[in-house]
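Contents: one structure, followed by commentary.
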There are 2 protein chains.
Amino acid sequence: MNQKIKSKETQNLIINSAFELFYKHGYNKTSIPEIIKGTGLSKGAFYHHFNSKKNIGEKVIDLTVRKRVYERMVAPLKNPDDAPVIPLLCDVFIKRIEGYSDLEKDLGCPANNLINEVGYSENSFREMLRDIIDHWQEIMVNLLEQGKIKGEIRKNVDTSATAIFLISAFEGVRGIRKVYNNDKILDEYLIAVKSYIEQLA
Amino acid sequence: MNQKIKSKETQNLIINSAFELFYKHGYNKTSIPEIIKGTGLSKGAFYHHFNSKKNIGEKVIDLTVRKRVYERMVAPLKNPDDAPVIPLLCDVFIKRIEGYSDLEKDLGCPANNLINEVGYSENSFREMLRDIIDHWQEIMVNLLEQGKIKGEIRKNVDTSATAIFLISAFEGVRGIRKVYNNDKILDEYLIAVKSYIEQLA
DNA sequence: TTAAAAACATACCGATAAGAATGTTTTTTG
DNA sequence: CAAAAAACATTCTTATCGGTATGTTTTTAA
């Protein structure tokens with residue numbers, strides 16, 4: 001097997017293990033011995049591929065967290081089929097939440113978890129996490145502006161503000177859900193966000 | 001000096017130090033040596049008054065975090081003067097955010113930080129944090145229902161859903177703000193939340 | 001006034017962390 | 001095929017953690 005490929009595979013193995021643990025226990029509570037334990041690798045292997053805990057934190061954010069947010073929340077808003085805007089927004093902000101597994105509901109959003117845990121204290125993390133949000137907002141603004149042109153969104157809607165409001169409510173409720181054992185909070189959010197989105201028309 | 005009072009004062013000293021550090025660095029990154037460092041006390045003193053790190057975490061949530069949320073966000077919604085509901089909501093969800101110090105903007109909401117960091121993993125924390133949110137929601141529902149009776153809120157508004165939506169957006173934006181160095185995100189939130197609240201009428 | 005109890009301080013313990021150093025095996029390349 | 005380089009494993013170091021045990025001093029109560 002090609003060495004480059006083997007190396008990448010090992011890195012991905014470690015990155016995936018790290019992501020799972022960061023997601024379940026948080027960044028600070030996860031140790032490097034714990035990360036490698038699940039992989040069958042050794043500490044030497046870890047430090048051969050990554051030079052610090054911060055370093056793998058960056059890799060996890062760049063390769064896994066960013067990708068996750070992009071695929072689930074950002075890409076669908078790019079609207080290549082030129083679908084109606086309001087139903088598309090409902091699809092992303094309602095259907096996606098309904099589709100989460102119980103574990104995903106319990107654990108919240110990986111990006112938001114990191115934002116809240118290390119968003120302020122870790123400089124390099126902060127910038128990467130901010131880029132994720134910025135990109136998300138930017139794509140949503142494009143969609144909303146497109147909706148204005150098509151006459152599907154009121155002209156007096158502030159698209160930047162609306163985008164941040166929707167992102168905030170979404171991330172906020174995924175956080176708050178973490179202290180509940182049932183879907184009550186998500187169900188209520190769904191009702192409110194639906195009515196909010198529809199009022200944009 | 002009375003011993004009971006002295007004891008309470010020492011406990012408060014430690015609790016305040018712990019709160020500040022939990023707020024700045026998070027619960028998991030804060031150590032007990034660090035907590036006592038600022039107080040001039042010793043480790044023996046700490047373990048005389050508290051029996052574990054988890055124990056002081058509970059005390060901080062119960063005495064400081066809960067109080068903070070209550071005084072700032074919940075109590076004003078109780079509306080003893082029977083003020084108009086919409087302006088009251090704007091006052092709480094807009095004016096309060098405008099009044100935050102730069103540090104408070106950078107560090108986010110102490111309650112939301114804990115919810116996201118240990119909301120799922122620490123059982124006893126989870127219940128206490130959930131109570132804070134439940135109480136907040138309950139008071140806001142009362143206010144909104146009161147607004148319906150007075151004809152200031154549309155009859156078809158789902159008050160529970162609206163309350164959670166407002167709380168989610170508020171906590172969400174305070175989290176997201178942590179990865180920014182400026183007020184852009186908060187300013188946009190303020191525009192959107194104002195328009196949202198006004199649409200409840 | 002004296003004993004006991006509360007309020008602390010000091011010293012210590014086992015566990016574990018991040019990471020460096022060094023050894024071994026596998027793969028690649030000349 | 002040999003040497004070098006990459007991919008690992010093992011061992012070790014230093015630091016710090018949460019928590020305990022054992023002091024000492026101060027306060028309270030008999």
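Source: prediction; values computed, not measured. In what follows, every chain begins at residue 1, and chains take the letters A, B, ... in the order their sequences are listed.
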inquiry  = Applying salt bridge (Lys or Arg N to Asp or Glu O under 4.0 Å) to A/Arg177 and A/Asp106, what does each step give before you reach the verdict?
reply    = CA-CA 7 Å; A/Arg177 168 59 172 78; A/Asp106 287 341; 3.1 Å; yes
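Rounded to whole angstrom, the span from the CZ atom of B/Phe50 across to the C1' atom of D/dT20 amounts to 18 Å. Regarding B/Lys53, its NZ atom lies at a distance of 15 Å from the P atom of D/dT20, rounded to whole Å. As rounded to whole Å, 13 Å separates atom P of D/dA21 from atom OH of B/Tyr47.
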N/O contacts under 3.5 Å, protein versus nucleotides 6-12 of chain C?
unit_1, atom_1, unit_2, atom_2, d
C/dA7, OP1, B/Ser7, OG, 3.4
C/dA7, OP2, B/His48, NE2, 2.7
C/dC8, OP2, B/Thr10, OG1, 2.7
C/dC8, OP2, B/His49, NE2, 3.3
C/dA9, OP2, B/Ser42, N, 2.5
C/dA9, OP2, B/Ser42, OG, 2.5
C/dA9, O5', B/Ser42, OG, 3.4

Would you list the protein and nucleotides 22-25 of chain C atom pairs, both N or O, that sit under 3.5 Å from each other?
none

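Within a 6.0 Å radius of NZ in B/Lys53, more than 12 heavy atoms belonging to other residues, nucleotides or ligands are found. Counted within 6.0 Å of NZ on A/Lys150, heavy atoms from surrounding residues, nucleotides or ligands total more than 12; the atom is thus considered enclosed.
Here the closest heavy-atom approach between residue A/Ser17 and residue A/Thr39 is recorded as CB-CG2, 3.8 Å.
Counting only residues at least two apart or in different chains, ring-ring contact (aromatic ring centres under 6.0 Å, His included) contacts with residues 56-97 of chain B comprise B/Tyr70-B/His135, B/Phe93-B/Phe170. Here salt bridge (Lys or Arg N to Asp or Glu O under 4.0 Å) pairs that include residues 134-146 of chain A, with residues two or more places apart or in two chains, are A/Asp134-B/Lys184. Within the structure, every pair that satisfies the ring-ring contact (aromatic ring centres under 6.0 Å, His included) test and touches residues 95-127 of chain B, not counting sequence neighbours, is listed here: B/Tyr27-B/Phe125.
Within residues 25-39 of chain B, no residue approaches DNA chain C, by heavy-atom distance under 4.0 Å.
A/Tyr196 and B/Phe165 have tilted rings, their planes meeting at an angle from 30° to 60° on a 0 to 90° scale.
Counting heavy atoms from C-beta on, the side chains of B/Asn116 and A/Glu117 never come closer than 4.5 Å.
Side-chain contact of B/Glu152 with B/Gln146: a donor-acceptor pair under 3.5 Å is absent, judged by distance alone.
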